Visitor: 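First the structure, which I've put down as structure tokens, then a few questions once you've had a look.
Keep in mind that what you see is a predicted model, and the values were worked out from it rather than measured.
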Amino acid sequence: MGRKADGRRGSSDGNYQSKASHGSEFDKAMKDKKYQKKQDYSGDAETSHIRNQIDPETVKYLSEIANVLESGEVELEERSVVCGNALEESRGKEMELATDHIISHTMQTLLDGCDADHLCSFLRSCAKDFGRIAIDRCGSHVAETALNSLSKHLQDEDFYNLIKDTLTLICQEIVRKPVVVMCNCHGSHVIRSLLCLCKGVPLDSEFHSAKPSTALSRRLNLSSDKELKNETPIVHQGFPDLLKFLVSEMLKCNATDIAALQVDQFSSLVLQTALKLLAGQEQDLLHIIPVIMGCNVENADQSSFIEKTEVQNIRDLVKENAFSHLMEVILEVAPDTLYDEIFMKIFKDLLYDISSHPAANFAVQALISYARSQDQVGAISEELGPKMKDLLKMGRSGVVASLIAASQKLHANEHKCSKELAAAVMAANEAPICIVPRLLLLDNYLFSKDKANWSWTSGCRVHLMGSLILQSLFKYPSEYIQPYITSITSMESSHVLEALKDSAGARVIEAFLASKAPDKQKKKLISKLKGHFGELAMHSSASFTVEKCFNASDVPLREVIVTDLLGVQKELSKTRQGPLLLRNLDVDGFARRPEQWSSRQKSKLTVYKDFLAEFSEPETGSWERKNPPPDVSKKATQQTNMKQMRQEIDTVLASFTNSDSSKKHKKQKKSGKDHGDDNVEQKSSSDKKKRKHHQKDDTSKSSKKKLKS
């Protein structure tokens, strides 16, 4: 969040133009406007609605109620009645009680424990003061507790109409002075919760406040299958008409108010939430987004939303910290036609200049990440590809990471982006073995004085963006990343081990093992870790990589990995990640019967190869030109199906092995011989061997039929 915006100057007619010198008059003017608005509202609140002192009887009564509820003496069925009766006593004094720094906690308890009728009665009674309650430090918590309680009661459809009427009164009060509430740090939270409630999603969902790491992983196509599946659920049907009413009425402001909303960090968060909740509703977005950007909607037609006179003002706004965040969401949810217009009129031919700005570069990252077509990614790569070296020097590695990820997602200019990135971190006469180490320790390399003689520096953390860039690169077709494959397999064993102990470095190794690089190169890298797998398994992040190495290895290498783990089995079993790793690699099975374990691993590898030969598509370099960009959701589904198929193969082989061992045990028992006799299998009759052989064939055929189905 610590991004500073460049100052701009504003003319008397309200049209802002970019200046070469970074003055502070524009920032001062905007701050004065927001400050004046808040002062006007607070002055009105103090003169017209002075907070009355709470009478001692009410204070004593609510204190006694709080003590009773906290003591736990009240049963669950009676608790709702007690809370409802206490709320009735607060009628006419809701604002004073909700904004009191002590009694407000009691009010939260009452609103959380009462029934729907008393809850709605309380909110309707204080609807006219809801805006003032929302912007108060204590009152905002009471308001959010009430909204959260409403969300719980919506699980019962009988209260739907009652709650809808109550929310309508609250929304009508909010839109009377929306700018004041939206630009308030406490009011912003309340309005975002209200928007989520109207949509029907949890109030603490990502729409309210998304984690930066989650948003970044989605942009760079690095979200796991679990994250892709865990989309925010709809907990109730919501109030779609009320949501549209609230958003549209909040934006019915004059030009001065819109200008204040654009550059305020708290109102920006409200608008971001509103846009995310309206994602997919193109007609609503086509009306709302131009208003947020300050465009004249009345003069706009369906073919064009941004006039030439408004372009420079939007470019200047993108350099504002709050509007930069807002533009990121606009580019994410904008319909294709509007996205293309923003790209062509605002960003095209100025991508490098905008990327150079400390705040505006985040908008460029969003523009690249949410590109709709190969042509758009191609135009962006033509403009920014040759500038990768300069972008990395300026610390704009996020722009480079976004371009690499978008190129991979839409299969546009992959080969060119790969070459441009390699040229950005090495000289023309240098060998490619230096590429991956320099990207892993990107900051250390960029800030070194003697870059030509730079070498791996022990003790440095792996650069996060360098790691993300490499993870995206290893999703490219193998013929486009040969220098990177050569580089990572040429790293010294100590450097690979050090990188694996860093979570960002471990993800790079995992991405390489999951890439389309030749198996020979993967085994070459895994062999560098012989004798260290036990040490790596003790690290919580590297333990996942150990399992990836195991899955990418042949049987001899798997034996090496499991042998290393046997040496630390006791210590590893006490860690959080150890038991799962030991079970997945069947370390106990290897310790008891190494030969049977090896046979089982060979069977698994054989089935995996047959499966890949049957279902995998051949990799071709011309694919990106001939085929349209793939559906990301379909790709995620295919990856999930692949995992399910691998689990099914393991289950089939495990059951097959168990059935074999049980049959052998019965056979030995019938013959009356000891289990340790080595001659039991040699004395089996030839017809039993044939039947056993037929059973194996039938089992393998049935498993292949399952895979094909």
Visitor: Please give me the minimum heavy-atom distance between Pro483 and Ile435, naming the atom from each residue.
Guide: CB-CD1, 3.9 Å

Visitor: Trp597 pairs by side-chain contact (heavy atoms from CB on, under 4.5 Å) with which of Asp588, Asp586, Leu585?
Guide: Asp586

Visitor: Under 3.5 Å, is there a donor-acceptor pair between the Thr563 and Glu559 side chains?
Guide: no

Visitor: Tell me, do His463 and Ile469 make a side-chain contact under 4.5 Å, heavy atoms counted?
Guide: no

Visitor: Could you check whether Asn551 and Glu547, counting side-chain N and O atoms only, form a donor-acceptor pair closer than 3.5 Å?
Guide: no

Visitor: Would you indicate whether the side-chain heavy atoms of Ile368 and Leu384 approach each other to under 4.5 Å?
Guide: yes

Visitor: Sequence neighbours left out, what passes side chain to side chain contact (heavy atoms under 4.5 Å, CB included) with Thr606? Give chain and number order.
Guide: Asp610

Visitor: Between Leu331 and Tyr339, what is the shortest heavy-atom contact and its length?
Guide: O-CD1, 3.8 Å

Visitor: What are the two closest non-hydrogen atoms of Ser355 and Asn361, and how far apart are they?
Guide: O-CB, 3.1 Å

Visitor: Rounded to the nearest 0.5 Å, how far apart are NZ of Lys419 and SG of Cys417?
Guide: 11.5 Å

Visitor: Would you please say whether a donor-acceptor pair under 3.5 Å links the side chains of Ser268 and Gln272?
Guide: yes

Visitor: Within the structure provided, determine whether Glu382 and Asn413 are in side-chain contact (heavy-atom separation under 4.5 Å).
Guide: yes

Visitor: Side chains of Phe343 and Ile380: does their closest heavy-atom pair fall under 4.5 Å?
Guide: yes

Visitor: Nearest 0.5 Å please: distance from the CG atom of Leu326 over to the CE atom of Met293.
Guide: 9.5 Å

Visitor: For Trp454 and Tyr445, take the angle between the two ring planes, folded into 0 to 90°, and tell me which bin it lands in: parallel under 30, tilted 30 to 60, perpendicular over 60.
Guide: perpendicular

Visitor: Heavy atoms only: give me the nearest Ser553-Arg558 pair and the separation to one decimal.
Guide: O-NE, 3.3 Å

Visitor: Do Asp390 and Tyr352 come within less than 4.5 Å of each other through their side chains, counting heavy atoms only?
Guide: yes

Visitor: Does NZ belonging to Lys389 count more than 12 external heavy atoms closer than 6.0 Å?
Guide: no

Visitor: Could you tell me whether the side chain of Ser487 reaches within less than 4.5 Å of the side chain of Pro432, counting heavy atoms only?
Guide: no

Visitor: When rounded to the nearest 0.5 angstrom, what is the spacing between CG in Leu497 and NE2 in His532?
Guide: 5.5 Å

Visitor: Using side-chain heavy atoms (C-beta onward) and a distance below 4.5 Å, is Leu403 in contact with Met388?
Guide: yes

Visitor: Hey, which of Phe474, Tyr476, Tyr484 is the one that makes ring pair (Phe, Tyr, Trp, His ring centres under 6.0 Å) with Phe512?
Guide: Phe474

Visitor: Please examine the side chains of Asp340 and Gln376, heavy atoms only from C-beta on, and report whether any two atoms are closer than 4.5 Å.
Guide: yes

Visitor: Partners of Phe544 by side chain to side chain contact (heavy atoms under 4.5 Å, CB included), sequence neighbours excluded?
Guide: Arg507, Glu510

Visitor: To the closest 0.5 Å, what do you measure between CG (Asp502) and CG (Leu440)?
Guide: 9.0 Å

Visitor: How long is the span from the CD atom in Gln471 to the CG atom in Leu473, to the nearest 0.5 Å?
Guide: 10.5 Å

Visitor: How close do Ile485 and Ser478 get, heavy atom to heavy atom, and via which atoms?
Guide: CD1-O, 4.1 Å

Visitor: If you count the non-hydrogen atoms of other residues, nucleotides and ligands that lie under 6.0 Å from NZ in Lys451, is the total more than 12?
Guide: yes

Visitor: Would you compute the distance between atom NZ of Lys609 and atom CG of Leu605 and round it to the nearest 0.5 angstrom?
Guide: 6.5 Å

Visitor: Salt bridge between Lys501 and Glu535, side-chain N to carboxylate O under 4.0 Å?
Guide: yes

Visitor: Looking at Lys604, Lys602, Lys523, which hits salt bridge (charged side-chain N to carboxylate O under 4.0 Å, His left out) with Asp554?
Guide: Lys523

Visitor: Please report the closest heavy-atom contact between Ser472 and Ala405, naming both atoms and the distance.
Guide: OG-CB, 3.8 Å

